[in-house]
Each structure stands twice: as C-alpha cells, then as structure tokens.
A.B. asks: 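Pasting in a structure now, in structure tokens, and then I'll have a few things to ask.
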Amino acid sequence: MLKALVIDAGKCTGCKQCEMACSLENEGEFNVAKSRIRVFDFHTEARFVPYTCTQCAEAWCQQACPVNAITTDSMGVKVVHENLCVGCKVCTIACPFGTVNYNASTGKVIKCDLCGGKPACADACPTGAITFQDAEQGGFDKMKIWAAQSGNAATHEGPNTPKASQAAGTGH
Amino acid sequence: MNYVILGAGPAGVTAAETLRSVDSQASITLVGGEPEPPYSRMALPYLIYGKIDEGGTYLRQDPTHYDQQRIRYVTGRCGGVDSRAKELYLSGGEVIAYDKMLIATGANPIMPPIPGAHLEGVETCWTLEDARHILKLAEKGSPVVLVGAGFIGSIILEALYLRGCDITVVELAPRMVARMMDETAGGMLGRWCEAKGVRVLTNTRVTNIESGPESGPRLSVGLSNGQRAPADLVVMAVGVRSNTGFLVGSGVKTNTGITVDDYLHTTAPDIYAAGDCCEGVDLSTGKPDMLAIQPVAVEHGRIAALNMAGHRHRHRGSLNMNVLDTIGLISSSFGLWQGAQAGQTAKVVDEGGYKYMKLEFEGDKLVGAQCVGMTDHVGMLRGLIQTGFRMGGWKEKLLAAPERLREAYISVAQGSPTAGPMSPHVNTPRAGFHGGASGH
C-alpha cells in the first residue's frame, strides 16, 4: 500500500518536534536548519504550517539535475543520491515549491525522502498534524485536503496541486 | 518513424528518452559530437576540483542505458544538413537520413581575438578534453588567469580556487556576474573573492598573451591597466555562442540562435531545435532569447520531442534563472532581476554579512529576484514568478520586509482565494515538470 504524508496545519502547535526528529534521523544531529520538513511560523496570526516535499510525479528537481542524482524509487519517492550529487544547486532553484535545500556541510542537496517509508516527522508529531497514511484516496483528493488545511484556503489550487492523474506523497 | 537527434547534451538526451517514452517502435539515433558518453558540461568544475571523476559527469550513469532504451548512440561532428533530402552529414563522411530531426547542438565558447590566444596553456573550460588539460596545468599554487567573471567564469573560479591555484580574474564589465546580478550583488561577490585571496580586476581586458620568460611561468598576460600577469594557465570564459555554423544553406533560419516557433519547430520542414542552440521564448519578456541553462535545455528537449511525436505541446516560455556558488558564497537570480519598467523593488542588504535579497514586482506580481547568501527554500521564488501569482496584500508586506518571503509563499501559493490557475493569464507550475509548457 502506498502511503503519503498528510498535513493538517490546524493541529500544528509549532513545537518543531518534526524538525528535530527529521534532522536527527537524516543528519544525526539536532539541527532544525537541516530538517527536510519546516514549520513556517505566521507570527501575526499565531498560525503554524508544516511544509515539505510532496513527491511530484514528474519532479522539477529530478528533471533539472544534470547528473541524474535524483531518481524515483519504487514508492514514487524522489531520492537524492549523495554519491552522484555534485552540489550544483540547480534543483534548489528549479523546484517551484522550494523544498530542495542545499546542505553546505556536505556540499550536497537534501530533500524529504519519507525516511525510506517510516517518516520520523510523523512519528514525532504529538498532535496528529503530520500523519503518514495510506494513499488510498487519489492523489488529487489528498492534495485538496492538504492544501485546504495548510492554508485555510477557499480554493485549493496552487502550484502544489497535481493534475488528477498525478501523485502526491507516495501515491500515483 | 526515424528520429535523429543531433547533439547529446541534456536537451538531446532528454528528447531521445521522451521520444522513446511515447513511441516504442520508432528508430531513434542520438548523435554526440565528442568521443565520451553523453555528459554534463555543468559538472566539469566539480571534476576539476576532484569532487567527482569523469564518470560523475555523465548524464546517465548506467552504461547500458541507451541500449536499454533502444537509442542508437553514434559520435561524429555534423558537417551539414540537407532539409530537402532529409539527410545530415557527419564530417567523417557518414550520411544519416531522418524523418524528423532535432537540432540540439548546444553552444560553443567564444574565443576572443586576443593576440596569443592560440598558445599552449590557453584553454576554454567547455569539454571533458578541456577539463583534462586544465587538470594538468592547474596545480596547487599555479598562477592562473581567468578571463571572464560571468556565470560560467565564476563557477570555474571556484574549481580553480579549490585546486589551490593563485587566481587573477580579468573582467571587462564593472563587476562580476554582470548579466546575472546587480551592482550590490556583483560587488559583494567581488569583495568575497578578494577576501579569499583572489585578485579581481574589473573594467579590465586582456590585450595580449605571450610566452613567459624561460625561468618563469609558461605565459605572460598583458592587461589594459598596463600590467602583465604571469600564468601557467589562462582560462577563457567570456561567453558562449549557439553552435549553428553547420546550418548555412540548410533552410534552417538562425539569428543569435536557431529561430523556432512556439512548438520548437524551425523554419525547415520536420526539423526542430532545443537547448542552447536555439532561441526559445523567455517567459518574462515573451520574446525569443537564448537562455543557456540546464533546466531550459531539458524543458526544450522534452517539449520538442513531444511535438516531433505528434503530441502538440506549446512552449509558453522558460524562466531565466541561475544559481552560483562562488567559493562558498551562494547567489541566485530569477526572471526580470533587473526590475520591470514602472515596477517596484524591495530589498534587504547586509554588506558585512554578505547577505542580500531583492524582489522585483510588476503590479502585484513578483517578476524577478536576486539573492546572495540565502539558499533555504529559494525555489519558492521560481514558483511565485513562474506561476504569476497575484500577491495581493502580501506585496506591501514584502516591500516592507522581503525576508517574509516564505510566509508570503505559503499564504499565496497554498491559500489565497485569488491565486492559482483559476486566475487568468497564469502559467502554473503543476506538480509535473512541463515547465513553462501548456497542454494541447
């Protein structure tokens, strides 16, 4: 069963446990600056929005990579191969969602890869704002929920909105 | 159907793979102009400072990839095209017939007409063979003169620096990366390089290159400031030009690059063009321009291939953008970074901290941006510019505090009721990569 991260920003308290867990899982250190998921803090509205890669079906980052260092695994996840990444950063400007970032300490880029199928952010979230769920519903429905909840949106159309046939999370 | 793709850079390889994905029966021939498997010129600087080996520059790592895709890969330089006979001629004498052809021959570095530019030790940094020469000549401590501090020159600069070379940069323009960023950003990069021990000579040109004295470095480079700079190696990086010379008399019209329509079709029947060799539409201006960057080459390659295969796919324009690492100082620019006419500008500058962000608005849309020393979520700039989201009330907030960009993005791209592809004239970057393209 394919699964995807589902984010319910209304439940986020801004505790940043997800960032800490992500950084520890993937970088071996508690450094939220290296987290692949980020909680955006809307100071004036007391609102928090967890934000990470939605694993586009035909990903901009992947297409922009000059050395084929980003590939799609069997779960539909876009994975950066550290041994191939030259650190050119073209994917960081190509991703229109801004979810590929450069890690200066390794000279490579980092992005969410769902921790290989057990995302640490979802495990760490104490309020259920981030859950890892079966992608049974179509990618489009899932994204509608995500977009609507993350932005209190009247419309869920945005650059993260896939075509009906395209995937979000690990879905297809 | 017999498809021939001339040029095996990112545009050509992407086109070949796209054709195979939509036509399992077609004959696909990919013609590379160099002896190696298809590789990325962009990766050469990383080869020069030893981050990767030659294999790490290859566009596809699996050596059986092209066979598996049933893409016939041949190498040879193109000597000419006959668009009536539907044949192309390789300089070795081979004739290749096509039903539909894609020209993806890229660009070549410009060699300025400087006396002595032919001397041994004067190199461009464009091919794997060039990189091998540079590896031999650029030792730790070697004096190196780098001619050109544009985008490509600045990437080479970092590679030479990390090899430990003693670098002098000679740039005709008043600042570094003059075609990518403004005075503030270019000045920051220059000061950063000088603080790292690189000599940066702007408003300066090379007047001649001579053999050096017997006891000293191989070359002596004359400068317009009257000085001479010794060099074991001179790297020329003054710009590139579309590689189209072989098209004379072919019926394929060229300007600075090959002229194409919105479907990347040239003026000759059944011949398409993609990547650095052609003038596709710039999304920001709506006008044809040569945007010699990797993502545009891939976009072109894919869209051209779909059109070749009969899937009408209009190219609505590509966004110009660049990202550059100058000895650890990372900068980027997007779209109309120079600003729009009667537009508004927001900026935040920290000269001492080498941080800079500048946003350019036209009406309430973001149309351009520049960043220095800021990398996190920088792709959001592309998302906002390419999509043409109306920023609404966020424009005023960003004019006051551009550093709130991420909040603005989340609000506008994920939440605003006025945003999204429902709005007219919006070019949405969907969660697929048909960059700048619209469907049928």
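Worth knowing before you read on, the calculation uses all heavy atoms, side chains too, and leaves out hydrogens, waters and symmetry mates. Order of the sequence lines fixes the chain letters, A, B, ..., with proteins taken first and strands second; residue numbering starts at 1 for each chain.
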A.B. asks: Side chain, backbone, both or neither: which part of C95(A) has a non-hydrogen atom closer than 4.5 Å to chain B?
C.D. replies: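 Only the backbone of C95(A) comes within 4.5 Å of chain B.
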A.B. asks: In terms of heavy-atom pairs under 4.5 Å with chain A, which of I155(B), D376(B), V378(B), I293(B) leads?
C.D. replies: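 Highest number of heavy-atom pairs under 4.5 Å: D376(B).
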A.B. asks: Can you name the residues that form a salt bridge (Lys or Arg N to Asp or Glu O under 4.0 Å) with K355(B), not counting sequence neighbours?
C.D. replies: none
A.B. asks: Among the options G98(A), A33(A), G107(A), A104(A), pick out the one with the most heavy-atom pairs lying under 4.5 Å from chain B.
C.D. replies: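 Looking at each of G98(A), A33(A), G107(A), A104(A) in turn, G98(A) comes out on top.
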A.B. asks: Which pair of heavy atoms, one from Q294(B) and one from Q63(A), lies closest together, and at what distance?
C.D. replies: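 Scanning both residues completely, I find the closest heavy atoms to be NE2-O, 4.3 Å.
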A.B. asks: Out of C61(A), C65(A), P66(A), return the one with the most heavy atom pairs under 4.5 angstrom to chain B.
C.D. replies: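 Ranked by contacts with chain B, first place is P66(A).
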A.B. asks: For F97(A) versus Y409(B), what's the shortest heavy-atom pair and its separation?
C.D. replies: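 F97(A) and Y409(B) have their closest heavy atoms at CA-OH, 3.2 Å.
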A.B. asks: What option among D41(A), V67(A), I93(A), T99(A) has the most heavy-atom pairs under 4.5 Å with chain B?
C.D. replies: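 Between D41(A), V67(A), I93(A), T99(A), the count favours I93(A).
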A.B. asks: Report the residues that fulfil side-chain contact (heavy atoms from CB on, under 4.5 Å) with E158(B), sequence neighbours left out, ordered by chain and then residue number.
C.D. replies: L162(B), D325(B)
A.B. asks: With a 4.5 angstrom heavy-atom cut-off, which part of N101(A) approaches chain B: side chain, backbone, both or neither?
C.D. replies: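 Just the side chain, heavy atoms under 4.5 Å.
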A.B. asks: Counting only non-hydrogen atoms closer than 4.5 Å, does F40(A) touch chain B with its backbone (N, CA, C, O), its side chain (CB onward), both, or neither?
C.D. replies: side chain
A.B. asks: Quick one: closest heavy-atom pair of C88(A) and M42(B), and the distance?
C.D. replies: SG-CE, 3.5 Å
A.B. asks: Using a 4.5 Å cut-off on heavy atoms from C-beta on, say whether the side chain of R382(B) contacts that of W60(A).
C.D. replies: yes
A.B. asks: Chain B contacts: which residues in residues 11-23 of chain A have a non-hydrogen atom closer than 4.5 Å to it?
C.D. replies: none
A.B. asks: With distance as the sole test, does Q61(B) use its side chain to make a donor-acceptor pair with the main-chain N or O of A69(A) at under 3.5 Å?
C.D. replies: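 Checked: no pair found.
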A.B. asks: Which pair of heavy atoms, one from K89(A) and one from I330(B), lies closest together, and at what distance?
C.D. replies: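 Heavy-atom minimum between the residues: CE-CD1, 3.5 Å.
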A.B. asks: How many angstroms lie between CD1 in I410(B) and CZ in R47(A), if you round to the nearest 0.5 Å?
C.D. replies: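 Nearest 0.5 Å value for the CD1-CZ distance: 9.0 Å.
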A.B. asks: Would you call Q386(B) and P96(A) a side-chain contact if the rule is heavy atoms closer than 4.5 Å?
C.D. replies: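 SC-SC contact between Q386(B) and P96(A) ruled out.
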A.B. asks: Can you tell me how far apart NZ (K108(A)) and NZ (K51(B)) are? Round to the nearest 0.5 Å.
C.D. replies: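 One gets 5.5 Å once the value is rounded to the nearest 0.5 Å.
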A.B. asks: Does any heavy atom of chain A fall under 4.5 Å from the side chain of Y58(B), the backbone, both, or neither of them?
C.D. replies: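 Contact with chain A involves the backbone of Y58(B) alone.
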A.B. asks: Please examine the side chains of N68(A) and L59(B), heavy atoms only from C-beta on, and report whether any two atoms are closer than 4.5 Å.
C.D. replies: no
A.B. asks: What part of S332(B) lies closer than 4.5 angstrom to a heavy atom of chain A: side chain, backbone, both or neither?
C.D. replies: side chain
A.B. asks: Is R404(B) in contact with chain A via its backbone, its side chain, both, or neither, using a 4.5 Å heavy-atom distance?
C.D. replies: side chain
A.B. asks: Mind checking which of residues 80-87 of chain A sit less than 4.5 Å from chain B, heavy atom to heavy atom?
C.D. replies: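 Listed by number, the contacting residues are L84(A), V86(A), G87(A).
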A.B. asks: Of the backbone (N, CA, C, O) and the side chain (C-beta and beyond), which part of F334(B) lies under 4.5 Å from a heavy atom of chain A, both, or neither?
C.D. replies: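 Contact with chain A is through the side chain of F334(B) alone.
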